[in-house]
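Reviewing the structure listed below.
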Amino acid sequence: MEHVEVKKMDMPLIVFVIVSIFMFINYFIVIPGGPALSGWLSNAVISIGNWALIYGFLNLLRVHGPAIIEMRKREWYHSVLTLGTAALMFYASIPGANPIIYTWLWDNIWYGLMTALMCYVGFFNFSGLYRTFRVRNWDGVWLIVACLFGMVINAPILIVAWKPLASIASWIADSPSMGAWLGFHLVTGLGMYGLATRALLGLERSMLGTSAGEVE
Amino acid sequence: MSLFDYLERDRRPIFLVLLILCFLPVLFPLNLPVNIEYWTSNTYGFVESLQPGDVVVMPCDIGGATVAELYPGYLAIAKHVLAKDLRMVIMTFNAVGQIMVEQTIIDAGWQAAVDRGEKVYGVDFVALPYIAGFEAAFAQFAQDTHSTVNVDIYGNKIEDLPLMDDVHSFRDVKFVAFASASMPDPHMRQWTPYIDTTGFCYISLGYFFSSNFVFLRSGQWIGFINGVKGAAEYEILAGFPGRGLTFMDQSSVTHLYAIALLILGNAVAYRARTRARSEVIA
């Protein structure tokens, strides 16, 4: 019998296989103790996600820290990013830190910046409608027709002008567009099954840092 | 150089007209009639059919970037839930959502009801903090609420809140109205096992309008709120005129402007192409 050697690199794959099979079965069949175990695993995933955020922050410091300390040119925006993140991380995670400061930073700086950014994007969308959304073939024509009717739904002024527009726009969204979306969903679902099967068989190893058939 | 060529080089006039169009309906309201769509009336009808004391969960994944489009619809439902004497669990799966959770409690009138002594926090409604983990969090919250959150946004223990004694999973919940700027697929992947006991409604961006029919036609949703337009429809149905109806005039004129830009841009490009072709032939 051939001796099977389990390498350290394969451990995440083995964990993935066991957990995936369990979660898959637990989704469809009631197993004694299954909900409790799947709950524990889900909470573990949430916990890992939070630790990944901390790891991401440390990585941010590792990448930008030296440049900030040396005060390299054009690094001021990295400084703002890194120090802003550090301030939020500090006030959010240190027990006993003043929540007023954290809330103020979040509500008045971060939230405001995000809102302003999206408002700015809205203006560029309108500019893009005039300057870049150009019909160059029949596919483009159908796209633009669907787009126009999609916008009609949100503009009562056009429906008031011509009532059948609402029915036509609803039909386009409800039938051809919905069919296309359903196609996307089905293909994505099949793709996910395919990817999961490849991972279960050990063919998909990109998350381990190696590709299929690659020797460590 | 014609105006159209100028607009190709300088986008500022496009921005300026947009800005004017946003403010114009405030000065001169159009008050156009809003047609009610069945996906909105279905949602309204479902909330109307709930009995006083039924539990409604309202995940509020609304950030500053999407507040204009998602919040009016979300707020209209929160007001309707209060008016129907239902119990509400409000929370967020988005790090930016907690501000809007707190704002909803005030704007929808829940805080005022507490001040008047008509509602009691912890008995009639509970506000839970941000739950990290995205899809894993959706699954876990729906499956075992108490293992996912320990405290509410004010730091009270979940065990100390009487309402939470009745909410251990989505099986204890009659209606879930979730507002999110992301696609609803991850939510529904995890929540579909509960559609037998719970009605779902998605408060969505207009961008996802046609994709929403996938879940509506499959019977996974009761209905959906299509951005500001859906909010205006819901406000009419529920009798709470609010931000949705206020934004409708802006929505009309700006969408009209968008359509005009789209057609004009293509007409100008077509004219330039035919002119260039005729010059080559000549």
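Naming: A, B, ... by sequence-line order, numbering from 1 per chain. Everything numeric here is computed off the predicted structure, so don't read it as measured data.
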Q.
Ring-plane angle category for A:Trp142 and A:Trp138, please: parallel below 30°, perpendicular beyond 60°, tilted otherwise.
A. tilted
Q | Contact class of B:Arg217 relative to chain A, heavy atoms under 4.5 angstrom | A | side chain
**Q.** Pairs of heavy atoms under 4.5 Å with chain A: top-ranked of B:Ser211, B:Ala65, B:Ser251
**A.** B:Ser211
Q: Going by the ring pair (Phe, Tyr, Trp, His ring centres under 6.0 Å) test, name the single residue among B:Tyr202, B:Tyr234, B:Phe213 that passes it with B:Trp39.
A: B:Phe213
**Q.** Which portion of B:Phe209 sits near chain A, non-hydrogen atoms under 4.5 angstrom
**A.** side chain
Q) Is the backbone of B:Arg171 close enough, under 3.5 Å, to the side chain of B:Thr197 for a donor and an acceptor to pair up by distance? A) no
Q. Got a second to check how far B:Thr148's OG1 is from B:Phe138's CZ, nearest 0.5 Å?
A. 12.5 Å
Q | chain A interface, residue from B:Ile259, B:Val214, B:Ile131 that has the most non-hydrogen pairs under 4.5 Å | A | B:Val214
Q.
Please classify the contact of A:Leu158 with chain B as side chain, backbone, both or neither, using a heavy-atom distance under 4.5 Å.
A. side chain
Q: Check whether A:Phe184 gets within reach of chain B through its side chain, its backbone, both or neither, counting any heavy atom under 4.5 Å.
A: neither
Q. Does any heavy atom of chain B fall under 4.5 Å from the side chain of A:Val160, the backbone, both, or neither of them?
A. side chain
Q. About how many Å separate OG of B:Ser41 and CD1 of B:Ile236, when rounded to the nearest 0.5 Å?
A. 12.0 Å
Q. Which answer fits B:Asn226, side chain, backbone, both or neither, if we ask what part of it has an atom under 4.5 Å from a heavy atom of chain A?
A. both
(Q) Which one wins on heavy-atom pair count under 4.5 Å against chain B: A:Ser177, A:Ser38, A:Ala146, A:Gly39? (A) A:Gly39
Q: Return the minimal non-hydrogen interatomic distance between A:Trp171 and A:Pro176, and the atom names on each side.
A: O-CD, 3.3 Å
Q: Below 4.5 Å from any heavy atom of chain A, which atoms of B:Tyr38 appear? Answer side chain, backbone, both or neither.
A: side chain
Q | Shortest non-hydrogen contact between A:Phe126 and B:Leu261, atoms and distance | A | O-CD1, 3.4 Å
(Q) Quick check on B:Ser218 against chain A: is it the side chain, the backbone, both or neither that has a heavy atom closer than 4.5 Å? (A) neither
Q) In terms of heavy-atom proximity below 4.5 Å to chain B, should A:Met192 be classed as side chain, backbone, both, or neither? A) side chain
Q.
Only pairs of heavy atoms separated by less than 4.5 Å count here; which of A:Ile172, A:Leu129, A:Leu182 has the most with chain B?
A. A:Leu129
Q. Which answer fits B:Ala95, side chain, backbone, both or neither, if we ask what part of it has an atom under 4.5 Å from a heavy atom of chain A?
A. both
Q. Using non-hydrogen atoms only, which part of B:Leu30 is less than 4.5 Å away from chain A: side chain, backbone, both, or neither?
A. side chain
Q) Considering only heavy atoms, which portion of A:Thr188 lies under 4.5 Å from any heavy atom of chain B: side chain, backbone, both, or neither? A) neither
Q: Pick whichever of A:Arg136, A:Arg134, A:Met151 has the most heavy-atom pairs under 4.5 Å with chain B.
A: A:Arg134
Q: Please flag which part of A:Asp174 lies under 4.5 Å from any non-hydrogen atom of chain B: side chain, backbone, both or neither.
A: both
(Q) Heavy-atom pairs under 4.5 Å with chain B: which of A:Ile153, A:Thr132, A:Asn125, A:Val152 has the most? (A) A:Ile153
(Q) I'd like to know which of A:Trp110, A:Phe124, A:Phe123 tops the heavy-atom pair count under 4.5 Å against chain B. (A) A:Phe123
**Q.** B:Phe224 side chain reached by B:Phe215 side chain, heavy atoms, under 4.5 Å
**A.** no
Q) Would the number of heavy atoms belonging to other residues, nucleotides or ligands and lying under 6.0 Å from CZ of B:Phe28 be above 12? A) no
Q. Measuring heavy-atom distances to chain A, does B:Leu264 have an atom under 4.5 Å in its side chain, in its backbone, in both, or in neither?
A. both
(Q) Nearest 0.5 Å, please: how far is OH in A:Tyr27 from CD in B:Gln190? (A) 6.5 Å
Q | Under 4.5 Å from a heavy atom of chain B, the part of A:Leu41 involved | A | neither
Q) So do the side chains of B:Pro193 and B:Gln143 get within less than 4.5 Å of each other, counting heavy atoms only? A) no
(Q) As an exercise: rank B:Met248, B:Arg189, B:Lys229, B:Gln140 by heavy-atom pairs under 4.5 Å with chain A and give me the winner. (A) B:Gln140
Q) Which heavy atom of B:Ser252 sits nearest a heavy atom of B:Leu32, and at what distance? A) OG-CD1, 3.9 Å
Q: Using the six-membered ring wherever Trp is involved, compare the ring planes of B:His168 and B:His146 and label them parallel, tilted or perpendicular (cut-offs 30° and 60°).
A: parallel
Q) Going by heavy atoms in the side chains, are B:Met183 and A:Trp181 under 4.5 Å from each other? A) yes
Q) Quick one: what part of B:Val228 sits under 4.5 Å from any heavy atom of chain A, side chain, backbone, both or neither? A) neither
**Q.** CE-CG distance between A:Met11 and A:Leu13, expressed to the nearest 0.5 angstrom
**A.** 10.5 Å
Q. Who among B:Val96, B:Leu216, B:Asp144 has the most heavy-atom pairs with chain A under 4.5 Å?
A. B:Val96
Q) Can you say whether B:Asn35 sits under 4.5 Å from chain A via the side chain, the backbone, both, or neither, judging by heavy atoms? A) side chain
Q.
Please classify the contact between B:Gln98 and chain A as side chain, backbone, both or neither, with a heavy-atom cut-off of under 4.5 Å.
A. neither
Q) Between A:Met114 and B:Gly64, which heavy-atom pair has the shortest distance, and what is it? A) CE-N, 3.1 Å
Q | Heavy-atom contact with chain B under 4.5 Å, split by part of A:Cys119 | A | neither
